[in-house]
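These numbers were taken from a predicted model, which means no experiment stands behind them. What's counted below: heavy atoms across the whole structure, side chains too, no hydrogens, waters or symmetry copies.
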Amino acid sequence: MNPSRRRLVVALALVIALGTAGGCGSSNPLGGGPLSADMKSLVVGSADFPESKIVAEIYAQALEANDFTVVRKLGIGSRETYIPALLDHSIDLVPDYTGNLLQYFDPTSTVTIPDRVESALQRKLPGDLSILTPAPANDTDTVTVTEATANRWKLTTIADLAPYSAQVKFGAPSEFLQRAVGLAGLKAKYDLDITAANFVAISDGGGPATVRALLDGTVTAANIFSTSPAIPQNKLVVLSDPKNNFLPGNVVPLISSAKKSTEIKTVLDAVSAELTTKGLTELNAAVTGNSGVDPDEAARKWVLENGFDKPVGK
């Protein structure tokens with residue numbers, strides 16, 4: 001090999017070695033990387049639970065129908081993983097929830113009225129991140145009772161339950177005892193006074209054990225998330241929260257500000273306008289129920305039924 005050719009090979013090898021070393025040293029499990037300048041190209045991510053994957057798929061499929069090129073990175077994990085991924089451009093878009101997102105960026109916030117939560121969130125978001133218009137779909141804490149209990153005591157709101165406080169055994173995760181929106185909030189806003197003796201700690205976050213305890217009479221009322229399929233499946237009754245004790249959990253697209261455009265806002269605002277709590281509950285039931293369809297299949301059905309399989313406005 002002549003000297004000049006040898007120098008070229010050595011130089012190329014050095015470049016490759018440096019590139020490999022740089023890649024191996026990355027602390028981001030998703031890889032990170034430079035921001036794509038193509039505004040019609042997006043990486044859509046999700047948290048690691050079915051509802052988030054379903055909504056992410058709805059976003060992705062609706063965007064694809066509007067000529068966006070979409071790469072999916074679903075099931076990433078918690079906010080502690082996907083927020084940094086948005087900031088370093090590993091992903092561009094992820095579904096989130098207004099109240100929880102506000103608490104992430106401002107743990108001291110006490111705002112619970114939906115419009116004020118959205119305004120406060122807009123102020124607290126770092127400049128690199130933006131939200132689009134939240135959906136009516138609201139995945140939040142509830143006070144839920146059986147249909148029989150609701151009929152017996154004529155319950156429609158949490159306040160209606162207050163006169164029966166002494167008779168109510170309340171099931172919820174143990175932290176509900178200390179949370180400001182837990183027993184303390186229910187007492188302050190609705191005079192629903194649950195004593196420690198009448199509190200039943202159930203650690204599955206409103207899941208099957210909580211539902212079972214409600215149905216078999218172990219508890220009279222329970223903290224169950226509003227989009228749980230168990231609510232319609234068991235004809236449970238969610239008591240309304242007119243004083244906004246619980247933080248709203250409206251589904252909202254969280255996007256890298258550099259990827260926010262009039263076109264993506266038009267598409268996803270249209271999608272969000274049609275995404276209701278009832279609809280999201282039905283989607284969850286389709287994925288977690290006996291039929292057990294995949295999130296992308298459930299999303300595709302919703303997209304077709306709501307006309308998002310074709311360009312918005314056409």
Side-chain angles (χ1 to χ4, degrees), residues 15 19-20 22-97 101 121-122 125-135 137 251-275 283 294-304 306-314:
V15 169
T20 303
C24 292
S26 174
S27 61
N28 175 13
L30 297 178
L35 174 69
S36 167
D38 184 357
M39 297 297 285
K40 296 279 286 191
S41 177
L42 289 162
V43 180
V44 176
S46 82
D48 194 19
F49 59 92
E51 183 173 288
S52 183
K53 293 177 183 178
I54 294 166
V55 178
E57 269 292 344
I58 288 173
Y59 291 168
Q61 292 177 29
L63 288 166
E64 286 171 336
N66 285 268
D67 298 324
F68 283 81
T69 300
V70 177
V71 173
R72 293 159 173 79
K73 290 187 179 180
L74 306 187
I76 294 169
S78 67
R79 282 181 193 87
E80 286 71 22
T81 301
Y82 66 72
I83 296 293
L86 278 165
L87 292 170
D88 74 7
H89 311 302
S90 298
I91 61 174
D92 302 308
L93 171 69
V94 67
D96 213 311
Y97 303 89
L101 198 53
L121 176 57
Q122 295 274 19
L125 282 174
D128 290 343
L129 299 180
S130 300
I131 57 169
L132 304 181
T133 304
V251 176
V252 65
L254 178 64
I255 188 169
S256 168
S257 297
K259 286 289 189 174
K260 184 180 176 182
S261 66
T262 300
E263 190 168 0
I264 193 171
K265 180 172 171 56
T266 297
V267 174
L268 293 185
D269 280 1
V271 167
S272 291
E274 299 301 322
L275 193 59
L283 286 163
D294 291 333
D296 63 328
E297 185 178 346
R300 187 170 297 109
K301 183 173 184 290
W302 187 92
V303 165
L304 286 167
N306 288 276
F308 292 112
D309 57 319
K310 52 187 178 292
V312 171
K314 296 182 181 178

Handout entry: side chain to side chain contact (heavy atoms under 4.5 Å, CB included) evaluation trace for Leu283 with Lys301
Key = CA-CA 9 Å; Leu283 286 163; Lys301 183 173 184 290; over 6 Å; no
Exercise for the section: Find the distance between CD1 (Ile255) and OG (Ser261) and round it off to the nearest 0.5 Å. Expected result: 7.0 Å
Completion exercise
In terms of heavy-atom contacts, Ser46 and Lys53 come closest through OG-CG, 3.4 Å
Handout entry: Check: Asp48 main-chain N/O paired with Ser52 side-chain donor or acceptor under 3.5 Å
Key = no
Practice task
Can you sort out the partners of Asp309 under side-chain contact (heavy atoms from CB on, under 4.5 Å), two or more places apart, ordered by chain and number?
Solution key: Val303, Leu304
Exercise for the section: Without swapping roles, check the side chain of Asp128 against the backbone of Leu87 for a donor-acceptor pair under 3.5 Å. Expected result: no
Exercise for the section: Would you name the heavy atoms of Val267 and Asn66 that are closest together and state the gap between them? Expected result: CG2-CG, 3.6 Å
Exercise for the section: Step by step, work out the side chain to side chain donor-acceptor pair (under 3.5 Å) result for Glu80 and Ser78. Expected result: CA-CA 5 Å; Glu80 286 71 22; Ser78 67; 2.9 Å; yes
Practice task
Decide yes or no for Leu42 and Tyr59: does some side-chain heavy atom of the first lie under 4.5 Å from some side-chain heavy atom of the second?
Solution key: no
Practice task
Indicate the atoms forming the closest heavy-atom contact of Ala56 with Gly45, along with that distance.
Solution key: CB-O, 3.5 Å
Practice task
Report the C-alpha distance between Lys259 and Ser130 in whole Å, list the side-chain angles of each, state the deciding distance to 0.1 Å, and finish with yes or no for side chain to side chain donor-acceptor pair (under 3.5 Å).
Solution key: CA-CA 9 Å; Lys259 286 289 189 174; Ser130 300; over 6 Å; no
Completion exercise
Closest heavy-atom pair, Leu86 versus Ser256, reported as atoms and distance to 0.1 Å, is CD2-N, 4.1 Å
Practice task
Just do the side chain to side chain contact (heavy atoms under 4.5 Å, CB included) check on His89 and Val43 with the steps written out, would you?
Solution key: CA-CA 9 Å; His89 311 302; Val43 180; over 6 Å; no
Practice task
Looking only at non-hydrogen atoms, find the nearest pair between Met39 and Phe68 and report the distance.
Solution key: O-CE2, 3.5 Å
Exercise for the section: State whether the side chain of Ser257 and the backbone N or O of Gly127 hold a donor-acceptor pair below 3.5 Å, judged by distance alone. Expected result: yes
Handout entry: Residue pair Asp296, Gln61: steps toward the side chain to side chain contact (heavy atoms under 4.5 Å, CB included) verdict
Key = CA-CA 9 Å; Asp296 63 328; Gln61 292 177 29; 4.2 Å; yes
Practice task
Check for a donor-acceptor pair, side chain of Asp96 on one end and backbone N or O of Val252 on the other, with a separation under 3.5 Å.
Solution key: no
Handout entry: Counterpart residues, side-chain contact (heavy atoms from CB on, under 4.5 Å), relative to Glu274 (two or more places apart)
Key = Trp302, Asn306, Phe308
Exercise for the section: Apply side chain to side chain contact (heavy atoms under 4.5 Å, CB included) to the pair Leu93 and Leu268, showing each step before the final yes or no. Expected result: CA-CA 11 Å; Leu93 171 69; Leu268 293 185; 3.8 Å; yes
Fill in the blank from the handout: Rounded to the nearest 0.5 angstrom, the CD1-CD1 distance for Ile83 and Ile76 is 10.0 Å
Problem - Closest approach of Ile91 to Tyr82 (non-hydrogen atoms, all atoms of both residues) - result: CD1-O, 3.9 Å
Practice task
Would you please name every residue forming a salt bridge (Lys or Arg N to Asp or Glu O under 4.0 Å) with Arg72, sequence neighbours left out?
Solution key: Glu57, Glu64
